[in-house]
Amino acid sequence: MRFLYTFLLLIAAPFLLFGLYRAKDGKPKVGKRWVEHFGYTPAIKGKNPIWIHAVSVGEVIAAKPVIQALQKRYPDEAILVTTTTATGAEIAAKIEGIEHRYMPIDFGFAVKGFLKRTHPNVMLIMETELWPNTLVTVKKAGIPVVVMNARLSESSKRGYQRVKPLFNILSVNIDHILCQFDDDARRFIELGVREEKVSVSGSVKFDLPDFDTHAPAVIDLKNQLTNRPVWIAASTHPGEDSILLDAHKSVLESLPNALMILVPRHPERFGDVANLVSSSGFTLARRSVGQSIIPETQVYLGDTMGEMMNLFEASDVTFMAGSLIGDKVGGHNLLEPASLSKPLVTGPSYYNFQVIAEQLIDVGACTVKESPVEIAAQIVSLLNNNEQREKAGKAALSVMEKNRGAVSKTLDTVSQWIER
């Protein structure tokens, strides 16, 4: 089975690498570091590092509280963070005290080259980024593998069941799986993972680091928004921008001075979305080029990286995208705006954050809307009602506070492999 998988990967690799290296406006470049994907990794400064793999932006952000907790508990240990994408690398570079390398592609020779140059003590994988050849090679090198913050949806479980022999290769080479919730753990066990290798920690995404709401960038942004109702459409994907812009047209009919902050998920789409906003008849300002928000600005494009929390804090209401395009994405992290006491709206497809979304919905912190008319009506209702907005925001924060503690549980579990 592994031979067949490797053969298929060999055929697919040029296309996968083309997607990684293809130049697009706003997309960071891998540049000369492309050789790292083939295992030609520069030596690192520290010895036997704690290796954390976080494939891209979302996983790096989720890993940050774990990284900071590891640094506090093991101040003398080196920490190596790998990402597959350049956007993930850009976010990782902003985390103090770590070294970053690109993850080798899933060929045995590439992984062996990486291990020869880095000599990690342990491999910690964020969420469920599992590659057969990598896991086999790492385990053969005597390096324990722990999956943190793991999630497994019902659809993903069915997908693994269709390639059960391949999943068996994955599971036997993993020492432990720390799941976000009980349902995730149950699905892994149903796939054949031994119960003693599975535990539940909660989601580390609840343990966000404290955010400085008085940071200069936040204050500057808020000063430009004085007395304006503001909503943010965060992490949009193709097909969603037009729906949300239509919603904003309806919002403006009720609240002519309302501002929409629009943040595409992927930087390579920044230019296309800017063109869409302008061609749709809105007055646009772009953050990336330093354009100020003036009274006439109707849409502010958040076309920078690493500033989402600033934009959430400056907004009154959050719509979390990735949730309007069927089963393609499955939603994005609702917890960052929740930690700032922001009322939430999402589309109906949030299966990647099912338990989190349901908790927020149950307490009235989040509502589910699909059409532009429905979305606009909910946004206007929240923007017009301070009491309703404050109540939903407090409920969102209460969910965050109730679920904190996953980072501590994660460290208590992974420490047995770090200290072995």
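Values below: every heavy atom of this structure, side chains too, minus hydrogens, waters and symmetry copies.
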Asker: Is there a donor-acceptor pair closer than 3.5 Å between any side-chain N or O of Ser156 and the backbone N or O of Leu152?
Answerer: no
Asker: Identify, with sequence neighbours excluded, every residue that meets ring pair (Phe, Tyr, Trp, His ring centres under 6.0 Å) alongside Trp417.
Answerer: His176
Asker: Say whether, by atom type as modelled, one donor and one acceptor occur between the side chain of Lys342 and the main chain of Ser315 under 3.5 angstrom.
Answerer: yes
Asker: Write down the atom of Leu244, the atom of Ala233, and the distance for their closest heavy-atom approach.
Answerer: CD1-CB, 3.8 Å
Asker: Side chains of residues 216-230: which donor-acceptor pairs under 3.5 Å do they make with residues two or more places apart or in other chains?
Answerer:
from	atom 1	to	atom 2	distance (Å)
Asp220	OD2	Gln224	NE2	3.2
Lys222	NZ	Glu313	OE2	2.7
Asn223	ND2	Ile219	O	3.2
Gln224	OE1	Ile293	N	2.7
Thr226	OG1	Asn223	O	3.2
Arg228	NE	Asn257	O	2.8
Arg228	NH1	Ile294	O	3.1
Arg228	NH1	Thr297	O	3.2
Arg228	NH2	Asn257	O	3.2
Arg228	NH2	Ala258	O	3.4
Arg228	NH2	Thr297	O	2.6

Asker: Could you tell me whether a side-chain N or O of Ser254 sits under 3.5 Å from a main-chain N or O of Val251, the two making a donor and an acceptor?
Answerer: no
Asker: Can you pull the ring-ring contact (aromatic ring centres under 6.0 Å, His included) pairs that have at least one residue in residues 70-106, sequence neighbours excluded?
Answerer: His37-Tyr102, His100-Tyr102
Asker: Could you pull out all donor-acceptor pairs under 3.5 Å where a side-chain atom in residues 114-121 meets a protein atom, sequence neighbours excluded?
Answerer:
from	atom 1	to	atom 2	distance (Å)
Arg117	NH1	Gly39	O	3.2
Arg117	NH1	Gly113	O	2.9
Thr118	OG1	Phe114	O	2.8
His119	NE2	Lys116	O	2.7
Asn121	OD1	Arg420	NH1	2.7
Asn121	ND2	Ile418	O	3.0

Asker: For Tyr21, I'd like to know if atom OH has over 12 heavy atoms of other residues, nucleotides or ligands within 6.0 Å.
Answerer: yes
Asker: Closest heavy-atom contact between Ala62 and Met126?
Answerer: CB-CE, 3.8 Å
Asker: Take Glu336 and Thr318 through the side chain to side chain contact (heavy atoms under 4.5 Å, CB included) test and state the conclusion after the steps.
Answerer: CA-CA 10 Å; Glu336 289 179 331; Thr318 293; over 6 Å; no
Asker: Please find the pair of heavy atoms, one from Pro42 and one from Arg101, that lie closest to each other, and give the distance.
Answerer: O-NE, 3.1 Å
Asker: Among all residues two or more places apart in sequence or in another chain, which pass the side-chain hydrogen bond (donor to acceptor under 3.5 Å, both in side chains) test with Ser278?
Answerer: none
Asker: Sort and list the pairs that fulfil ring-ring contact (aromatic ring centres under 6.0 Å, His included) and have at least one residue in residues 345-384, not counting sequence neighbours.
Answerer: none
Asker: Under 3.5 Å, side chain of Asp316 to main-chain N/O of Leu383, donor-acceptor pair present?
Answerer: no
Asker: Could you give me the CA-CA distance, side-chain angles and deciding distance for Asn403 and Gln359, then say whether side-chain hydrogen bond (donor to acceptor under 3.5 Å, both in side chains) is met?
Answerer: CA-CA 10 Å; Asn403 286 280; Gln359 288 188 51; 2.9 Å; yes
Asker: Determine whether Glu190 and Arg186 satisfy the following criterion, salt bridge (charged side-chain N to carboxylate O under 4.0 Å, His left out), listing intermediate values before the conclusion.
Answerer: CA-CA 6 Å; Glu190 288 172 353; Arg186 172 181 54 78; 3.1 Å; yes
Asker: Could you list the residues that satisfy salt bridge (charged side-chain N to carboxylate O under 4.0 Å, His left out) with Asp272, not counting sequence neighbours?
Answerer: none
Asker: If the condition is salt bridge (charged side-chain N to carboxylate O under 4.0 Å, His left out), which residues does Glu59 pass it with, not counting sequence neighbours?
Answerer: none
Asker: For the backbone of Ala54 and the side chain of Glu129, can you confirm whether one donor and one acceptor N or O come within less than 3.5 Å of each other?
Answerer: no
Asker: Show your reasoning for whether salt bridge (charged side-chain N to carboxylate O under 4.0 Å, His left out) applies to Asp76 and Lys47.
Answerer: CA-CA 10 Å; Asp76 297 325; Lys47 293 182 179 180; over 6 Å; no
Asker: Could you measure the distance from the CG atom of Leu311 to the CG atom of Leu340? Nearest 0.5 Å is fine.
Answerer: 11.0 Å
Asker: Looking at side-chain heavy atoms only, is the closest gap between Leu191 and Ser171 below 4.5 Å?
Answerer: no
Asker: Any side-chain heavy atom of Pro348 sitting closer than 4.5 Å to one from Leu324?
Answerer: yes
Asker: Looking only at heavy atoms, what is the nearest atom pair of Ala86 and Val30, with distance?
Answerer: CB-CG2, 4.0 Å
Asker: If I take atom CE from residue Met148 and atom OG from residue Ser203, how far apart are they, to the nearest 0.5 angstrom?
Answerer: 11.5 Å
Asker: Would you name the heavy atoms of Lys205 and Met400 that are closest together and state the gap between them?
Answerer: O-CE, 4.2 Å
Asker: Mind jotting down which residue pairs meet the ring-ring contact (aromatic ring centres under 6.0 Å, His included) criterion with at least one end in residues 273-319? Sequence neighbours excluded, please.
Answerer: His248-Phe282
Asker: Please identify each residue that fulfils ring pair (Phe, Tyr, Trp, His ring centres under 6.0 Å) with His332, with sequence neighbours left out.
Answerer: His237
Asker: Among Ile125, Val145, Ile174, which residue satisfies the side chain to side chain contact (heavy atoms under 4.5 Å, CB included) criterion with Val138?
Answerer: Val145
Asker: Per the side chain to side chain contact (heavy atoms under 4.5 Å, CB included) rule, which among Ile52, Val66, Leu178, Val122 passes with Val414?
Answerer: Leu178
Asker: Hey, mind stepping through Glu387 and Lys391 against salt bridge (charged side-chain N to carboxylate O under 4.0 Å, His left out) and telling me if it holds?
Answerer: CA-CA 6 Å; Glu387 185 177 344; Lys391 182 178 179 181; over 6 Å; no
Asker: Can you sort out the partners of Lys139 under salt bridge (charged side-chain N to carboxylate O under 4.0 Å, His left out), two or more places apart, ordered by chain and number?
Answerer: Asp175
Asker: Can you tell me how far apart CZ (Arg286) and CG (Leu301) are? Round to the nearest 0.5 Å.
Answerer: 5.5 Å
Asker: If we ignore hydrogens and angles and just use 3.5 Å, is the side chain of Thr134 paired with the main-chain N or O of Leu130 as donor and acceptor?
Answerer: no
Asker: Measure the OG-CD distance between Ser201 and Gln180 for me, rounded to the nearest 0.5 Å.
Answerer: 7.5 Å
Asker: Indicate whether any N or O donor in one side chain lies under 3.5 Å from an N or O acceptor in the other, for Glu374 and Gln378.
Answerer: no
Asker: With a 3.5 Å distance limit and no angle check, can you tell me whether Asn133 reaches the backbone of Asp106 through a side-chain donor-acceptor pair?
Answerer: yes
Asker: Listed by chain and number, what are the ring pair (Phe, Tyr, Trp, His ring centres under 6.0 Å) partners of Phe206, not counting sequence neighbours?
Answerer: none
Asker: Rounded to the nearest 0.5 Å, what's the gap from CG on Asn352 to CG on Asn333? Could you check?
Answerer: 11.0 Å
Asker: Atom CD1 in Ile67, atom CD in Glu96: separation rounded to 0.5 Å?
Answerer: 12.0 Å
Asker: Testing the basics here: between Ser56 and Thr85, what is the closest heavy-atom pair and its distance to 0.1 Å?
Answerer: OG-OG1, 2.8 Å
Asker: Taking atom CD as the centre, does Glu401 end up with more than 12 heavy-atom neighbours from other residues, nucleotides or ligands that are less than 6.0 angstrom away?
Answerer: yes
